[in-house]
Amino acid sequence: MTPETSLSEAFRLTETQKSALTRLGLLSVRDLLFHFPSRYVASLSEGTLGDLQEGEHVVLYGKVSKLEATKGFRSKIPMAKAVFEDASGIKINLIWFHQPYIAKMLRDGERLYVTGKLTRDSRGLGMANPHTSKSGVFEKKDKNGPLFEDNHKNTESYTPLYPESRGITSRWFYYTLQKIFAAHVHEKLEDPLPSALLKKYNLPSLSSALVWLHAPRRQSDAQAARKRFAFEEIFFIQLERQKARGDYQKNDAFSISPAKKDVEEFIQRFPFTLTNAQESAVHTILNDFKKGIPMSRLLEGDVGSGKTAVAAITSYAVVMSRPQKEDGAGAQTFGNLQTAIMAPTEILARQHFEDFVQYFEHLPIQVGLITGSGCRKFPSKVNPKESTPISRAQLLKWVANGEIPILIGTHALIQKSVSFKHLAYTIIDEQHRFGTRQRAELSKKEGYAPHLLSMSATPIPRTLALTIYGDLDLTLLDEMPKGRKPVITEAVFGSGKEKVYERAHEELAAGRQLYVICPRIEEPDGAKERVLQMKSTKEEAVRLKKEEFPNARIEILHSKIKPKEKEEIMQRMLGGEIDILVATSVVEVGVNIPNATTIIIEGAERFGLAQLHQLRGRVLRSTHQSYCFLLSESKSKETKERIKTLVSAKNGFELAEKDLLLRGAGELSGKRQWGISDVGMEAIRNIKMVEAAREEAQTMLHKDPELKKFPLIARRVETLKERTYFE
Ligand code: ADP
Ligand code: MG
């Protein structure tokens, strides 16, 4: 057996196991070694409920009964309830908030595994929102007794649990890995981390770390192993990002030095004065433009902090400039530099287009829009105050000959058929929603590499920004324009929901619109989670229609809906054809609907603070007073305190840091899209580790920019480059 031996060659596998492994992407022995446990349980027991303490995270096997779909007595929250009984006859109460249909999914008397944390209240032991599994996290071959000889009272023994997949069990992983270790395969792997680094940071070697990870004898061993892999992952991401940055900056860029007076005049037309943060961002960017090497910068700012204004001013500086030292420039009629702006959805692209048209209305500057469903150009020949639809071919021709200096669009912008005359500046909105490949596509050079500005409203902690945006310089817009009415935020625990709906009725009566956000459902299987989310939005919409808002036009939005339809729904919301949008957190990103004044967030305790803040951002830009209600049934004092921080806090970055502190990296909003593994995310909690990995990467590249002395590392960096991160 070698690391490259295929699993079906090395082990006898059933068809079910084969397809489960394929589904998990596990083909070789090496794959299996690097398939990390998602957690460890201190016990795995049957018939020992009586010995377990509240607060313990356990997997139990037993029988469910008394299944019931019901509603909270006062809260009216829909829920499922059941009683769970293990072999010893001890009973605990199971409850699933907001998931009444679970009562229908399970059968009375059915035997299954439940996984979760034990809680205790006046009625005894219980488990809230447990994960259930019929096949079991572990195979149920042994009739009685624990599957492992571990004694759960001995807290020094840990059982690894792997991300579950139908057809393959954690038990299988455990025994198979034992065989692999016995065959010494893990010792044949070359350690990609130089031994000097391991020593310096006191990290275990690759082969020890693999054993400690899959079969820890002590908690500290598993932790040391995870620390190593966390460091390794961040180190390689840093290497890849820093190297990309170095490579990009080897290109020439247009050097742009607009007259200060012109820029000031452009700004003076705005109906507002810039915030200090905006001014300094503009200053920084214009300074980068002068250097003749391409800028790579991230502009982070909450929704409404005025990023678009910064984009417009800096675009102005670009499109009013002519290329210098370029081929006989005088020969071209349309010689100005060009700007491309890419947004993740059609609605957002259109909003940017409309914003830019307003900013450039008074200038002889044409603005183009290109999306999957059509193209537009401003100004129209007939009406110089309006934009007009034009053919794609015509638009592309004018972009290619430089006549249209500003082009705004969706992914359509990076198709092969789109070419620019003098692309000098690219702006990407909500960049994490694009892959690195798409980003590279847009900033591909045609003679000169364009300056790059990424914009993001997703508040993330510094450690995460340093990691995933390791190739970008960071500018924060951490100040809101003056005079904007803050959203009135209220946390409502248990009772008081009537008042929330009263307010909602008043707003609807005044012609405003409303968002209702359904609680997040945690479910390891993404596909299953989406189905559950869909069900919960549907149920909530039906309930609202029946019990609260019989006359309202209610629509639902969740991640099972196709992007095209999603856009249509948002478009109808924008057009005022929907009164109440019942949604999952998919409404998080971007679309500005000024007439939506109220957002009600159910199950607020299930969201991270940063995510709640972003959801609240949906009603931030209303010209009317807006409201955010955070509803929670939680009885925990800490949870209540946590939710209440939103009432006072204003800044998304602070909240992201707080999330990290209080809830850990796993709870960072949008975690899945960062392309960092769970183990890697553990490093994000640790600023020292991130900084160390960053420094080591910088040092290594400084000494050896092409990584010639580290072929193993160079190869790994190459594969990382191929991978698209931010999708
Ligand atoms: P973002 O893209 O960061 O969400 P925008 O640039 O779209 O924010 O600005 C949001 C709104 O605030 C727009 O209507 C814009 O005209 C306005 N705005 C931008 N900057 C300021 C400012 N300094 N003072 C007042 N209003 C501003
Ligand atoms: Mg914006």
Side-chain angles (χ1 to χ4, degrees), residues 263-264 266-285 297-317 339 341-362 367 369 406 408-410 426-434 453-460 465 474-487 570 574 587-597 599 610 613-626 628 650-653 655-656:
V263 177
E264 273 165 12
F266 183 75
I267 296 172
Q268 246 139 44
R269 296 184 52 93
F270 290 9
F272 49 78
T273 48
L274 296 185
T275 63
N276 291 333
Q278 280 172 317
E279 270 200 32
S280 97
V282 167
H283 183 78
T284 309
I285 294 167
R297 188 167 287 282
L298 174 68
L299 183 64
E300 275 236 36
D302 275 347
V303 169
S305 60
K307 296 183 294 296
T308 312
V310 173
I313 299 165
T314 47
S315 299
Y316 168 82
T339 296
I341 298 151
M342 182 159 75
T345 65
E346 289 207 23
I347 299 186
L348 281 171
R350 230 171 300 149
Q351 282 191 352
H352 281 309
F353 177 69
E354 279 153 26
D355 285 349
F356 267 70
V357 162
Q358 297 229 317
Y359 284 120
F360 286 88
E361 216 173 26
H362 62 292
V367 186
L369 173 71
I406 300 179
I408 298 170
T410 53
T426 65
I427 299 173
I428 303 182
D429 197 19
E430 290 302 333
Q431 82 136 17
H432 63 275
R433 299 194 49 198
F434 296 101
L453 183 71
S454 278
M455 305 198 293
S456 171
T458 308
I460 55 172
L474 187 64
T475 299
L476 289 185
L477 286 188
D478 50 4
E479 182 187 359
M480 277 301 195
K482 279 192 211 73
R484 196 165 294 151
K485 282 184 204 139
V487 182
M570 289 314 284
L574 193 59
V587 290
E588 230 180 288
V589 183
V591 182
N592 180 21
I593 296 173
N595 192 47
T597 50
I599 186 163
H613 177 73
Q614 267 201 306
L615 287 167
R616 174 169 62 181
R618 298 294 107 236
V619 296
L620 185 72
R621 282 211 238 156
S622 175
T623 35
H624 313 281
Q625 177 61 59
S626 54
C628 170
K650 304 251 150 25
N651 184 323
F653 308 106
L655 287 169

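We count ligands from 1, going down the list as the structure has it; atoms in each ligand are counted the same way. Owing to the predicted nature of the structure, the values given are computational and were not obtained by experimental measurement.
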Query - Residue selection (non-hydrogen contact nearest atom 2 (O) of ligand 1) among D302, T308, D355 - result: T308
Report task. Could you walk me through whether H352 and T308 pass side chain to side chain contact (heavy atoms under 4.5 Å, CB included), step by step? Result -> CA-CA 8 Å; H352 281 309; T308 312; 3.9 Å; yes
Requested in this report: Return yes or no for this condition: an N or O of Q278 is under 3.5 Å from an N or O of ligand 1.
Outcome: yes
**Report entry** For V303, atoms of ligand 1 separated by under 4.0 Å from a heavy atom
**Finding:** 4 (O)
Query - Contact partition for T273 relative to ligand 1, non-hydrogen atoms under 4.0 Å - result: backbone
**Report entry** Partners passing side-chain contact (heavy atoms from CB on, under 4.5 Å) against V487 (at least two apart in sequence or in another chain)
**Finding:** T489, R616, V619, L620, S626, C628
Query raised in the report: Do any heavy atoms of G301 fall under 4.0 Å from ligand 1?
Result: no
Requested in this report: Of all the heavy-atom pairs spanning A312 and F266, show the shortest one and how long it is.
Outcome: O-CE2, 3.8 Å
Report task. Report yes if K482 has an N/O atom closer than 3.5 Å to an N/O atom of ligand 1; otherwise report no. Result -> no
Requested in this report: List in chain and number order the residues that pass side-chain contact (heavy atoms from CB on, under 4.5 Å) with E361, two or more places apart in sequence or in another chain; answer none if no residue qualifies.
Outcome: F378, K385
Report task. Start with the C-alpha distance between E346 and R350, add both sets of side-chain angles, then the distance that settles salt bridge (Lys or Arg N to Asp or Glu O under 4.0 Å), and finish with yes or no. Result -> CA-CA 6 Å; E346 289 207 23; R350 230 171 300 149; 3.5 Å; yes
Report task. Check whether any heavy atom of L477 sits under 4.0 Å from an atom of ligand 1. Result -> no
Query raised in the report: For ligand 1, which atoms sit closer than 4.0 Å to a heavy atom of T275?
Result: 23 (N)
Report task. Report, in ascending order of atom number, the atoms of ligand 1 lying under 4.0 Å from any heavy atom of A309. Result -> 6 (O)
Query raised in the report: Distance-only, no hydrogens or angles: does the Q278 side chain make a donor-acceptor pair with backbone N or O of A309 under 3.5 Å?
Result: no
**Report entry** G304 N/O under 3.5 Å from ligand 1 N/O
**Finding:** yes
Requested in this report: Say whether D429 and ligand 1 are in contact under the criterion: heavy-atom distance to a ligand atom below 4.0 Å.
Outcome: no
Query - Check: L274 N/O within less than 3.5 Å of ligand 1 N/O - result: no
Report task. Side-chain contact test, heavy atoms from C-beta onward, threshold under 4.5 Å: evaluate it for D429 versus I341 and give yes or no. Result -> no
Query raised in the report: Between V367 and F360, what is the shortest heavy-atom contact and its length?
Result: CG2-CB, 4.5 Å
